[in-house]
Amino acid sequence: MSSTLYGVFIRPIETGVPAGTALRIVLPPDVPCIPLHALQKGGTNAPFTIDTYPVRYLPSAEREMQPGSSAAHALSSTVGFGNQGITGWDVEYELSDVKAFSREARTYYHREATLEVLRREQGSLLHLA
């Protein structure tokens with residue numbers, strides 16, 4: 001199970017995020033706590049995520065992205081990405097909040113939110129809605 005979850009959450013970032021890069025993780029409130037730091041790439045002798053990336057869990061991205069914070073200063077670019085939610089406007093609303101914290105953020109939703117666009121984008125923070 002650990003290697004499956006590793007494949008879902010960590011493997012997609014391996015090619016673009018060098019080993020040793022600190023990961024700041026904000027889990028959605030409706031997702032149970034997943035110990036991403038303890039996931040293993042392969043079998044029982046494989047390294048854990050935390051062996052490759054320092055992991056820090058955050059209660060929300062808002063505090064970290066406040067002007068003047070070290071995280072806000074370190075973010076060179078932000079990408080917001082999402083598909084239509086239950087109400088039809090919730091993802092646009094959430095991604096507009098991302099823009100409020102980072103005016104240079106590039107946001108994609110509805111028909112623009114394709115796997116091809118996601119593969120092409122590079123950023124310091126990826127917000128999935």
Quiz item: Can you name the residues that form a ring-ring contact (aromatic ring centres under 6.0 Å, His included) with Phe9, not counting sequence neighbours?
Solution: none

Quiz item: Leu23 versus Ile13: any side-chain heavy-atom pair under 4.5 Å?
Solution: yes

Quiz item: Got a donor-acceptor contact below 3.5 angstrom from the Tyr53 side chain to the Ile10 backbone?
Solution: no

Exercise. Determine the minimum heavy-atom distance between Gly7 and Pro12, stating which atoms define it.
Key: O-CD, 3.4 Å

Quiz item: Looking only at heavy atoms, which two atoms of Lys41 and Ala46 are closest? And how far apart?
Solution: N-CB, 4.2 Å

Quiz prompt | Taking every non-hydrogen atom, the tightest pair across Ala38 and Ser2 | solution = O-OG, 3.9 Å

Self-check item: Within-4.5 Å side-chain heavy-atom neighbours: Thr49 and Leu36
Solution: no

Quiz item: Does the Thr52 side chain pair with the main chain of Ala19, one donor and one acceptor, at a distance under 3.5 Å?
Solution: no

Quiz prompt | Shortest non-hydrogen contact from His37 toward Phe48 | solution = O-CB, 3.8 Å

Quiz item: Looking only at heavy atoms, what is the nearest atom pair of Gly42 and Ser3, with distance?
Solution: O-CB, 3.7 Å

